[in-house]
Amino acid sequence: MDRRTFLAYNAAAAVPLTLAGTAYGANVSHDGPPVDFATDGPAPGRFPDRWICGSSSAMDNTDPPIQVHWYNEHTAILRQNKAYSYEAPFAPLYFGNERVLLLDEGYVQLRNDCDYRAVVDDCIEQWCRRNGRNPAAMELLVAFSHLHADHYAAVNQFADRPNTRYMGLTHEEMLGFWGMTNFPEERVTLDLGGRDILIWGSPGHVISEFAYYDSYTQILYTGDMFYRGRCYISFWQPWFDSMKRLIDFCDTHPVAHVMGCHVEMSETGEDYPYGLTYQPDEAPVQMTVAQLRETYEYAKGITEPGIYFTGTVYLCNQSRSTTTIDRYPYRYE
């Protein structure tokens, strides 16, 4: 069985994840009491004052390849060191009573180059020790915000991991993983075991793309369609419609933070050069709903391709082709 067939098999086996919580939960073995994820407001948490952001000499960098920041005791945020990849993607790790959700990954394939899987396994073991759980009984879901290699390359490292399900690498497999039948408008709920993740489509950067909302921390994860840097927009109208869905969601749901998958600009709004491996004065990854709204209002006035700075992000409207394995690459309608 080749790798694509293997991954597709696991993706198909997960359809639909939104309906699988009760059956799986009956088989979970643990000694500790279940965690109560119900809160009156967002669960307390904090972002670091500064992330690992590379060094002036990547060859001489001594920081760990993956920074692990515990936002709170049930939520970790991973970030790949820019000395290992200029993309330096962020990856939330959400823990529930039955499952763990890893969103996006590092831009690396081989464990001997950067052992992303070992870092994730260590986080799971830490959480299980604190909460009296058996790590082997916790199912890991490996999913992506969209189909670019810096978000799924490390899936190779998880291909033989026990009790793990992987999102497939085609548009159809991604929708099937979440059991979606009406993309992008349909919103589905993933139950991690008392902790719900809301998921819906957010195409524009590419076609196969999702937004994720964690009901516990109230963090809205927007991947590459909205982040502190160059938001490369391949499909303007779908992206604008996706922004409208984000705004509509924020009108009806409390959002503590908006979080993208990269940082590519300084605190003062400087656009870092493409491929830079050192960002000593980078902007924070977290953003506000107000900044999301301001960007949406700004976008209403954009009528042609170009690069536009909104004060929060750079909107690169059809300004550069991006590489994707999506079935609709490089096409704008």
Self-check item: Pair Glu173 + Arg165: basic N to acidic O under 4.0 Å
Solution: no
Taking atom types as modelled, is there a side-chain donor on Asp104 or Ser145 under 3.5 Å from an acceptor on the other?
yes
CZ (Arg79) and OG (Ser85) are apart, to the nearest 0.5 Å, by 10.0 Å
Contacts of Pro92 meeting side chain to side chain contact (heavy atoms under 4.5 Å, CB included) (sequence neighbours excluded), chain-then-number -> Tyr94, Leu103, Tyr221, Met259
To the nearest 0.5 Å, atom CG of Asp214 lies from atom CZ of Arg195 at 4.0 Å
Q: Give a yes or no answer on whether the side chain of Glu105 reaches the backbone of Val155 with a donor-acceptor pair at less than 3.5 Å.
A: yes
Between Val68 and Val100, is there shared hydrophobic-cluster membership here, with clusters defined by ILVMFWY side-chain heavy atoms closer than 4.5 Å? yes
task = Please answer: with hydrophobic residues joined when any side-chain heavy atoms are less than 4.5 Å apart, are Phe226 and Tyr272 in the same cluster?
result = no
Within-4.5 Å side-chain heavy-atom neighbours: Arg161 and Val120: no
**Item:** Any side-chain donor near an acceptor of the partner, Tyr107 and Tyr86, under 3.5 Å
**Value:** no
Would a distance-only check, ignoring hydrogens and angles, find a side-chain to backbone donor-acceptor pair under 3.5 Å from Tyr227 to Thr222?
no
Can you tell me if Tyr212 uses its side chain to pair, donor with acceptor, with the backbone of Phe144 under 3.5 Å? yes
query = Does any N or O in the side chain of Glu186 come within less than 3.5 Å of the main-chain N or O of Thr181, such that one atom is a donor and the other an acceptor?
reply = yes
When every non-hydrogen atom of Tyr216 is compared with those of His74, the smallest separation belongs to OH-CD2, 3.4 Å
For residues 32-42, which side-chain N or O atoms pair as donor and acceptor with protein atoms under 3.5 Å away, sequence neighbours left out?
residue: Asp36; atom: OD1; partner: Ala38; partner atom: N; Å: 3.0
residue: Thr39; atom: OG1; partner: Gly41; partner atom: O; Å: 2.4

- Task: Flag yes if Ile52 and Tyr84 sit in one hydrophobic cluster, no otherwise; membership is Ile, Leu, Val, Met, Phe, Trp, Tyr, and two members link when side-chain heavy atoms are under 4.5 Å apart.
- Result: no
Applying side-chain hydrogen bond (donor to acceptor under 3.5 Å, both in side chains) to Asn81 and not counting sequence neighbours gives Asn61
Go through the steps for Ile219 and Tyr71 under the test side chain to side chain contact (heavy atoms under 4.5 Å, CB included), then give the verdict. CA-CA 11 Å; Ile219 292 176; Tyr71 177 84; 4.0 Å; yes
side-chain contact (heavy atoms from CB on, under 4.5 Å) with Met287: of Thr295, Val258, Leu292, only one passes, and it is Val258
Here the ring pair (Phe, Tyr, Trp, His ring centres under 6.0 Å) pairs for residues 278-300, sequence neighbours left out, are Phe240-Tyr296
Sequence neighbours excluded, the answer for side-chain hydrogen bond (donor to acceptor under 3.5 Å, both in side chains) partners of Glu297 is Lys300
Sorted by chain and residue number, the side-chain hydrogen bond (donor to acceptor under 3.5 Å, both in side chains) partners of Asn72 (sequence neighbours excluded) come out as Thr75
Looking only at heavy atoms, the pair that brings Val206 and His146 closest together is CG2-CB, 3.7 Å
Rounding to 0.5 Å, atoms CE (Met225) and OG (Ser242) come to a distance of 4.5 Å
* **Donor-acceptor pair, side chain of Lys82 and main chain of Glu87, under 3.5 angstrom** => no
Hits for side chain to side chain contact (heavy atoms under 4.5 Å, CB included) against Ile307, two or more places apart or cross-chain, chain-then-number order -> Tyr314, Cys316, Ser319
Check your understanding: Any sub-3.5 Å donor-acceptor pair from Arg117's side-chain atoms to Gln157's backbone N or O?
Key -> yes
Sorted by chain and number, sequence neighbours left out, ring-ring contact (aromatic ring centres under 6.0 Å, His included) with His257 holds for Phe47
Tell me yes or no: between the side chains of Trp239 and His205, is some donor less than 3.5 Å from an acceptor? no
Sorted by chain and residue number, the ring-ring contact (aromatic ring centres under 6.0 Å, His included) partners of Phe90 (sequence neighbours excluded) come out as Trp51
In this structure, OG1 of Thr189 is separated from CG of Leu198 (nearest 0.5 Å) by 4.5 Å
Sorted by chain and residue number, the side-chain hydrogen bond (donor to acceptor under 3.5 Å, both in side chains) partners of Asp271 (sequence neighbours excluded) come out as Arg230
Could you pull out all donor-acceptor pairs under 3.5 Å where a side-chain atom in residues 246-254 meets a protein atom, sequence neighbours excluded?
residue: Asp248; atom: OD1; partner: Lys244; partner atom: NZ; Å: 2.8
residue: Asp248; atom: OD2; partner: Lys244; partner atom: NZ; Å: 3.0
residue: Asp251; atom: OD1; partner: Arg293; partner atom: NH1; Å: 3.0
residue: Asp251; atom: OD1; partner: Arg293; partner atom: NH2; Å: 2.9
residue: Thr252; atom: OG1; partner: Asp248; partner atom: O; Å: 3.4
residue: Thr252; atom: OG1; partner: Phe249; partner atom: O; Å: 3.2
residue: His253; atom: ND1; partner: Phe249; partner atom: O; Å: 3.3

- Query: Do His262 and Asp224 meet the criterion of a side-chain donor-acceptor pair at a distance under 3.5 Å?
  - Reply: yes
### Task
Give the cluster check for Met265 versus Leu315: same hydrophobic cluster or not, with ILVMFWY residues linked at side-chain heavy-atom distances below 4.5 Å.
no
Assess, by modelled atom type and distance only, whether the side chains of Ser55 and Ser57 contain a donor and an acceptor separated by less than 3.5 Å. no
So CE of Met138 and CG of Asn163: to nearest 0.5 Å the spacing works out to 9.5 Å
Taken in chain and number order and not counting sequence neighbours, the residues that satisfy side chain to side chain contact (heavy atoms under 4.5 Å, CB included) with Gln126 are Trp70, Asp122, Arg129, Arg130
